[in-house]
Amino acid sequence: MPDSFAYDVLEYPSHVHPQMHPSRLAAIARLHGIAAASPTDCRLLEVGCGDGLQLVTLAVAYPRSRFVGVDMSQAAIARGEAIRARLGLDNLQLVAADLLEWNAGPVPYDYIVAHGFYSWVPDFVRERLLALCDQAMAPAGIAYVSYNALPGCHIRRMVWEMMKFHARDIDDPHGKIEHAQGFLAWLGHDALPSKLVYGEVVRHEARELLSRTDSSVLFHDDMAAINQPFLFSEFAAQARRHGLAYLAEADYFEMNDKVLESAEARERLSTLAGDDPLLKEQYLDFLKGRRFRQTLLCHERIPVQRDPSMPAALEMDVVAQLRAEIPEGTAPDLAAGVAIRFSNADGAALVIDHPVAKAALTLVGEAFPGPVAAAELLQSARKLCVSDAAVDDDAAVLAHTLTAAFQMGLLLLHCDAPRFATQAGEHPRTSALAQLQLDAGTDLVTSLRPSMVRLDSRLALELVRLLDGKRDRAAILHDLSQRMAALPMPDDAGGETFQPVEWWQQQLAGKLEDGLQQTARMALLAEE
């Protein structure tokens, strides 16, 4: 079976990828002196869009913008087109076409994105993608291209080649997956010599692939006939031949050399790279064993300010799930000179002792998942800590703090981030896209941030389904109790039982508000 048709036979999982959202791409571009278009009024092309879920979220959030997706899979495009039609998204176009034959038209795109595409197509298709970025991108346009990277992929490629050899005689995709997974289980258990470094490395890779990888992703990505990793320097050189220049990484913190534990290592890296950002990135890949890159490109003729402009951060929206590491039940001490460590779930952390900076990060954490405009954040933080310093001085400190926190992955900067309800109002309403996904029978839905959210209980599923913007708290409690009473629940004997409506009403009465606010915190509620 030709690989070009494999996606029609075995569906690829539908996900959104926040790192290629235009609000994030625009923020990075503007930090480096490129006047990238706001996502509120832009044209964006996605190459290899699958069913277009990423584009659907954008078309919903930014009705004045225009989004186009191209993919060879007619089945995937048909699925996306059905969603587009159901949601009435006239600003979205999905096209089933071969990129080599597709005409991008005369109007340039502000953004061209290609995720999970570059490493999995032949050389001439890669060349076509980069040529398209040069020819069809606006002067201040930004391209996002992800690809498997070396040297890290040398390790995983060993396992890819083993799997493909093991399942070489099987044509059926499901049979191929079953054989590959059985082989991975064997490698990850006791097949390899325990005293050899090789054995430990391969065993770890096999376990990771088996535990973290969706079966269809294993087939389409890891076992693909074409799966070519690249040195960053190779990719950058190929982009340069098409008039494109390296801008940054979409996951901005990946460029931070603080991952190196010693000052001596960072100094040695600086000596090796000099003022060349491409050399720095290549050596960082060597030191980190990087496996996957999400690289941003711009036109080579556009000047790029290599050091981020800190004042530009004050024109952004800020989003972060932060925690101030202070005793439970206490408020952050905003006095000058009192250091507080702010951290997030990914392990990024920053110690701050400036009153306005501490107040600002506190406010950002409280607003999550909603964005906070940095300009408003400055005003609110000054009031919260009762700052008597000059506004310009506090602004400079905040700009430095936001930029530093962004560089280390503590927070995200957006240009015109998508808006949604951060509190459950009187008549809460789940987004139309999430409702459509729930109606299709999935428990994995798309939030308005956007991100993928799994509703891990039947109670959560039924609650979110009921939030249609027409019910108040009393109606939600009544209908939710009715629905749960009709569903069997496990009992202590290992069987199933049903609880009456009255029982459910008593159980849920004191928990409903928490459930509604949790739904808002997952960014599933549209603004009323």
Side-chain angles (χ1 to χ4, degrees), residues 57 60 87 319-324 326-332 344-345 362-372 418-528:
T57 66
V60 169
L87 296 176
V319 179
Q321 188 171 13
L322 296 177
R323 181 173 69 91
I326 56 178
E328 188 174 351
T330 65
N344 64 17
T362 299
L363 292 169
V364 168
E366 291 173 352
F368 184 83
V372 184
R419 259 52 184 182
F420 45 85
T422 57
Q423 298 290 328
E426 185 176 349
H427 297 87
R429 176 170 60 90
T430 306
S431 75
L433 174 58
Q435 283 287 7
L436 189 153
Q437 291 170 321
L438 290 171
D439 290 345
T442 182
D443 61 356
L444 184 66
V445 298
T446 307
S447 82
L448 293 169
R449 297 184 55 193
S451 62
M452 301 307 296
V453 175
R454 189 172 298 280
L455 301 173
D456 57 3
S457 72
R458 190 58 185 268
L459 180 60
L461 282 166
E462 296 302 332
L463 172 61
V464 175
R465 283 195 178 106
L466 285 171
L467 305 183
D468 58 3
K470 300 176 182 178
R471 294 175 171 90
D472 60 12
R473 299 296 194 277
I476 294 170
L477 178 60
H478 175 273
D479 292 351
L480 184 59
S481 299
Q482 293 277 352
R483 289 193 178 193
M484 296 306 296
L487 297 173
M489 302 296 292
D491 60 22
D492 295 337
E496 293 181 337
T497 186
F498 291 85
Q499 297 292 349
V501 172
E502 295 76 17
W503 184 90
W504 278 109
Q505 286 179 328
Q506 291 176 358
Q507 293 294 312
L508 297 175
K511 301 176 182 177
L512 178 61
E513 196 60 39
D514 286 344
L516 292 173
Q517 296 308 327
Q518 181 61 28
T519 305
R521 197 160 177 80
M522 290 188 291
L524 293 176
L525 299 181
E527 291 183 318
E528 294 185 37

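We use all heavy atoms of the structure for the numbers below, so side chains are in, but hydrogens, waters and symmetry mates are not.
- Considering every non-hydrogen atom in both Pro371 and Pro418, the closest pair reads CG-O, 4.1 Å.
- Shown here are the side-chain contact (heavy atoms from CB on, under 4.5 Å) partners of Glu366, two or more places apart in sequence or in another chain: Thr362, Leu363.
- Checked by atom type and distance alone, the side chain of Gln499 never pairs as donor or acceptor with a backbone atom of Trp504 at under 3.5 Å.
- Remark: side-chain polar atoms of Arg471 are paired, donor with acceptor, to backbone N or O of Leu466 under 3.5 angstrom.
- Under the 4.5 Å side-chain criterion, counting only non-hydrogen atoms from C-beta, Leu459 is in contact with Leu508.
- Applying the salt bridge (Lys or Arg N to Asp or Glu O under 4.0 Å) test to pairs two or more places apart or on separate chains, those with a residue in residues 436-447 are Asp443-Arg454.
- Looking at residues two or more places apart in sequence or on another chain, you find no salt bridge (Lys or Arg N to Asp or Glu O under 4.0 Å) involving Arg429.
- Using a 4.5 Å cut-off on side-chain heavy atoms (C-beta onward), Arg465 and Thr430 make no contact.
- Taking the side chain as every heavy atom from C-beta outward, Leu87 and Leu436 approach each other to under 4.5 Å.
- For Gln505, the side-chain contact (heavy atoms from CB on, under 4.5 Å) criterion is met by His478, Ser481, Val501, not counting sequence neighbours.
- Phe368 CZ to Gln321 CD: the interatomic distance, rounded to the nearest 0.5 Å, is 4.0 Å.
- Of all heavy-atom pairs between Arg458 and Leu487, the closest is CG-CD1, 3.5 Å.
- Residue pairs meeting the side chain to side chain donor-acceptor pair (under 3.5 Å) criterion with at least one partner in residues 517-528, sequence neighbours excluded, are Glu513-Gln517.
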Item to check | side chain to side chain contact (heavy atoms under 4.5 Å, CB included) evaluation trace for Met522 with Leu455 | outcome: CA-CA 10 Å; Met522 290 188 291; Leu455 301 173; 3.7 Å; yes
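- No donor-acceptor distance shorter than 3.5 angstrom exists from the side chain of Ser431 to the backbone of Ala526, with no hydrogens or angles considered.
- Under the rule for a side chain to side chain donor-acceptor pair (under 3.5 Å), Thr57 has no partner lying at least two apart in sequence or in another chain.
- Here the CD atom belonging to Glu462 is positioned 11.0 Å from the CG atom belonging to Asp479, to the nearest 0.5 angstrom.
- Interatomic distance, Gln437 CD to Leu444 CG, rounded to the nearest 0.5 Å: 7.5 Å.
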Checklist entry - Can you check side chain to side chain contact (heavy atoms under 4.5 Å, CB included) on Leu512 and Leu463, steps first, answer last? => result CA-CA 9 Å; Leu512 178 61; Leu463 172 61; 4.0 Å; yes
Item to check | side chain to side chain contact (heavy atoms under 4.5 Å, CB included) evaluation trace for Arg449 with Phe420 | outcome: CA-CA 8 Å; Arg449 297 184 55 193; Phe420 45 85; 4.0 Å; yes
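- Checked options Leu525, Leu433, Leu524; the residue passing with Ser447 is Leu524 (criterion: side-chain contact (heavy atoms from CB on, under 4.5 Å)).
- Across every non-hydrogen atom of Val319 and Pro369, the tightest pair is CG1-O, 3.9 Å.
- Residues Asp472 and His427 approach most closely at N-CD2, 3.7 Å, considering heavy atoms.
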